[in-house]
Protein chains: 2
Amino acid sequence: MIDGTCQTFVSDCHVRAAVELINHTWDPVVLSALRAGPTRRNDLLGRIGGISDKVLTQTLHRLRTRGLVARLDRDGRVPGGRGAVYRLSPLGQSFAEGPLAQLAQWAAANQAALTGSSTPS
Amino acid sequence: MIDGTCQTFVSDCHVRAAVELINHTWDPVVLSALRAGPTRRNDLLGRIGGISDKVLTQTLHRLRTRGLVARLDRDGRVPGGRGAVYRLSPLGQSFAEGPLAQLAQWAAANQAALTGSSTPS
DNA sequence: GCCGGTTCCTACCGTTTGGTAGGAGACGCT
DNA sequence: AGCGTCTCCTACCAAACGGTAGGAACCGGC
């Protein structure tokens, strides 16, 4: 996957590795949502409008498999639920606050150009 | 799409906007490949192993539509071709050298954690 | 003129992804 | 106990994405 083994793609294949972490539409959203701190499933469902139940489960599962998110069973035990809480792992946090935040920052700075309002020549 | 209109997603929906720029498997690869400078189609096809002709066309088209890549018809006129040359637009360059490079850098620094548990160097 | 390389486009197909619907099991509250 | 809430799973379906195959147009070299 490093410079040698990555002849399938371009030499910058680190990009690929990183992009594949968030290549699933909702992955970056969930990651961003979790930056606010440990969150319960249902709260995520509410905070992230538009995501379906199944997809949130899948996304959380994928993110956990990739080591970006950890699940704390019954951490804070908020009333009214089994209290499965999801939080960013150190890796996930480093990703969310590093590249992901950079991405968001760039998009915010260039939103005018992105929305297609006026692409300067 | 900005802070107000983005209730469909999380408040950080700039992330979404940015990620959608590269959400198509080959987009970041092509963008990275173009960082080396204006490149002809066929050279891209060769430099990026594994991409198919159609997908390169689509990717280039999408990237142009989004204003990240520009096509210079017959710029350098290298021998043996019609000389359609692709290069990063200012926006694309800013994206490729900013967030995309950050992404690659992060992935390179965390490749050990990403690949699972392979011994780092 | 013919041939070959290059740029694109158009089918068609398989896989993946996200969405909807429905249900199972666990637990707290009344 | 009965009920509602929460987690999570399994179909099934539609759309999107990538890949293959084939072909059109364009241009230079022979």
Side-chain angles (χ1 to χ4, degrees), chain A residues 8-10 13 15-16 19-34 38-66 69-87, chain B residues 8-10 13 15-16 19-34 38-66 69-87:
Chain A
T8 329
F9 301 130
V10 93
C13 97
V15 179
R16 289 277 301 149
V19 166
E20 276 178 5
L21 289 177
I22 52 172
N23 214 2
H24 282 254
T25 307
W26 293 106
D27 289 8
V29 181
V30 170
L31 245 23
S32 292
L34 283 175
T39 315
R40 287 189 306 116
R41 228 189 123 74
N42 222 24
D43 292 344
L44 279 174
L45 222 40
R47 189 185 304 173
I48 306 172
I51 193 173
S52 68
D53 172 42
K54 189 201 73 167
V55 175
L56 178 59
T57 299
Q58 286 180 333
T59 304
L60 250 14
H61 202 78
R62 185 166 43 233
L63 258 22
R64 280 205 294 150
T65 301
R66 291 175 178 166
V69 166
R71 183 176 62 179
L72 313 178
D73 290 306
R74 43 181 59 220
D75 185 21
R77 299 305 306 281
V78 283
R82 244 92 21 259
V85 174
Y86 293 88
R87 51 165 295 175
Chain B
T8 330
F9 302 130
V10 92
C13 98
V15 179
R16 291 277 301 148
V19 166
E20 276 179 3
L21 289 176
I22 52 172
N23 214 0
H24 282 255
T25 308
W26 294 105
D27 290 7
V29 182
V30 171
L31 245 23
S32 293
L34 283 175
T39 313
R40 289 190 304 118
R41 232 189 118 74
N42 222 25
D43 291 345
L44 279 175
L45 222 41
R47 189 186 303 173
I48 307 172
I51 193 174
S52 69
D53 171 44
K54 189 201 75 169
V55 175
L56 179 58
T57 300
Q58 284 179 337
T59 304
L60 252 13
H61 202 79
R62 185 167 45 234
L63 259 20
R64 280 206 291 152
T65 301
R66 291 176 179 167
V69 165
R71 184 175 62 179
L72 312 178
D73 289 304
R74 45 181 59 219
D75 183 22
R77 298 309 304 282
V78 284
R82 241 94 21 262
V85 173
Y86 292 88
R87 52 164 293 177

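These numbers come from the heavy atoms of this one structure, side chains and all, not from hydrogens, waters or symmetry mates. Below, chains carry the letters A, B, ... as their sequence lines are ordered, and counting in each starts from 1. Values in this document were obtained by computation on a predicted structure and should not be read as measured data.
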Side chain to side chain contact (heavy atoms under 4.5 Å, CB included) evaluation trace for N42(A) with L45(A): CA-CA 5 Å; N42(A) 222 24; L45(A) 222 40; 3.8 Å; yes

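Atom P of nucleotide dC17(D) and atom CZ of R62(B) are separated by 7 Å, given to the nearest angstrom. Here dA21(D) presents its P atom at 12 Å from CG of D53(B), a figure rounded to the nearest Å.
At least one donor-acceptor pair closer than 3.5 Å links the side chain of R47(B) to the backbone N or O of A33(B).
The phosphate of dC17(D) (OP1 or OP2) has no side-chain N or O of T25(B) nearer than 4.0 angstrom. Regarding contacts with the backbone of dC8(D), every side-chain N or O of T57(A) stays at 4.0 angstrom or more from both OP1 and OP2. For the OP1/OP2 pair of dT17(C) and a distance below 4.0 Å, the side-chain nitrogens and oxygens of W26(A) include no atom meeting the criterion. At least one side-chain nitrogen or oxygen of Y86(B) sits closer than 4.0 Å to the OP1 or OP2 atom of dC8(C). Distances shown here put a side-chain N or O of N42(A) below 4.0 Å from the OP1 or OP2 atom of dT7(D). Look at R40(B) and you won't find any side-chain N or O under 4.0 angstrom from OP1 or OP2 of dT6(C).
The side chain of V55(A) approaches dG18(C) more closely than any other nucleotide in the set dG18(C), dG19(D), dT7(C). Distance from the side chain of H24(A) is smallest for dT17(C) among the nucleotides dC8(C), dG19(C), dT17(C). Taking only side-chain atoms of K54(A), from C-beta outward, the nucleotide of dC6(D), dC8(C), dT20(C) with the closest atom is dT20(C).
Looking at V69(A), L63(A), V29(A) one by one, the single match for side-chain contact (heavy atoms from CB on, under 4.5 Å) with L34(A) turns out to be V69(A).
Considering CG of L56(A) and OH of Y86(A), their distance stands at 7.5 Å, rounded to 0.5 Å.
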